[in-house]
Number of protein chains: 2
Amino acid sequence: MDVKQTQKTADFLKALGEFNRLSLVYELCRCESSQNAMCLCDCCSVDSSVVSRHLKVLAERDIVAFDKVGRERTYRLNRNEVATQLRELADVIENSNCNGGNHGV
Amino acid sequence: MDVKQTQKTADFLKALGEFNRLSLVYELCRCESSQNAMCLCDCCSVDSSVVSRHLKVLAERDIVAFDKVGRERTYRLNRNEVATQLRELADVIENSNCNGGNHGV
DNA sequence: TGCATAATTGCACAACTATGCAATTATATC
DNA sequence: GATATAATTGCATAGTTGTGCAATTATGCA
């Protein structure tokens, strides 16, 4: 596995692997429409500045995307991209080995 | 989403989301048979004590399992369990929302 | 019993991270 | 322009994490 790709995958998982960030992801999960940051604050009991920073981390990893609407920013989950990345990792872990695919259950 | 479950999932992702630990996982991925810790040291250029600690973290999250063989410990990847957890998360992220399943592509 | 090897643990430390508060920026409305 | 609100940024801080080295434990073998 390529070092750069490994680092990228690790960063992706690390971004998801923090309680408040994962809570934000779940919160965005529950709502079909975009949510602004203030609204998202309610789901985790931390300062709005903290939420802002967490959303920034999630955006950097392409886990969420945002649009500017007036003075608000509305965030939405990149559902397909995130799900695809997780599934690809699952496939690698389940299927790749020296003998090429069979993991001997 | 239940707080305890969220924390557990976050811990799982955090365990995977570190470069050297993910490298160990990939290394175990490549090999069908169990590997001892010394062997695994080769895949990441850190002290054996560090590898030992990383493997402990991975074992705590049930990402790897080990057997004692003489004075060695041989580690193997819990392929199915890890893959299943990742896929379940992918499913939640892709499908769950207020309107019950459709995520409006 | 003595020695060698595998692995873990104690300790110290540097780097990173999450957090809250205050200040700042950006934008809408009056 | 003045004011209010949404969001971000600077700063300080406490807590966590990854790391290496040395010591220790555990096991196998002569």
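Reminder, nothing fancy here: chain letters follow the sequence lines and each chain counts from 1.
Contact check on A/Glu94 versus B/Arg87 returns a salt bridge, with a Lys/Arg side-chain nitrogen under 4.0 Å from an Asp/Glu carboxylate oxygen.
Note: CG (B/Asp67) to P (D/dA26) measures 19 Å, nearest angstrom. Computed from coordinates, the B/Leu22 CG to D/dG18 C1' distance equals 16 Å when rounded to whole Å. Between the CG atom of B/Leu24 and the P atom of D/dG18 there is a distance of 12 Å, rounded to whole Å. The distance from atom NZ of A/Lys68 to atom C1' of D/dA6 is 9 Å, rounded to the nearest whole Å. Atom CG in B/Leu55 sits about 17 Å away from atom P in D/dT17, given to the nearest Å. Rounded to whole Å, atom P of C/dT17 lies 11 Å from atom CD of A/Glu60. Whole-Å rounding puts the A/Asp47 CG to C/dG20 P distance at 6 Å. Computed from coordinates, the A/Lys56 NZ to D/dT8 P distance equals 9 Å when rounded to whole Å.
Tested against B/Tyr75 for a side-chain contact (heavy atoms from CB on, under 4.5 Å), the candidates B/Val51, B/Leu24, B/Leu40 yield a single pass: B/Leu40.
When each of C/dA7, D/dA7, D/dA6 is scored by its nearest atom to the side-chain atoms of B/Glu72, the top-ranked nucleotide is C/dA7. Of the candidates D/dT27, C/dA18, C/dG20, the closest approach to any side-chain atom of B/Arg71 belongs to D/dT27. Minimum atom distance to the side chain of B/Arg21 is reached by D/dG18, of the listed D/dG18, C/dT8, D/dA6.
Between the side chain of B/Arg53 and the base of D/dG20 there is at least one donor-acceptor pair of N/O atoms closer than 3.5 Å.
Using a 4.0 Å cut-off, no side-chain N or O of A/Asn20 falls inside it from OP1 or OP2 of C/dT17. For D/dT8, the OP1/OP2 oxygens have a side-chain nitrogen or oxygen of A/Arg73 closer than 4.0 Å. An OP1 or OP2 oxygen of C/dT19 is reached within less than 4.0 angstrom by a side-chain nitrogen or oxygen of A/His54.
Distance alone, capped at 3.5 Å, places no donor-acceptor pair between the B/Arg21 side chain and the B/His54 backbone. Not one N or O on the side chain of A/Asn78 forms a donor-acceptor pair closer than 3.5 Å with the backbone of A/Glu81. In terms of modelled atom types and a separation under 3.5 Å, the side chain of A/Arg61 and the main chain of A/Leu13 share no donor-acceptor contact.
B/Phe66 comes within 4.0 angstrom of nothing in the nucleic acid, heavy atoms only. When heavy atoms are screened at a 4.0 angstrom cut-off, B/Phe19 is found touching no nucleic acid atom at all.
Comparing A/Lys14 and A/Val46 against DNA chain C, the residue whose closest nucleotide sits nearer the 5' end is A/Lys14.
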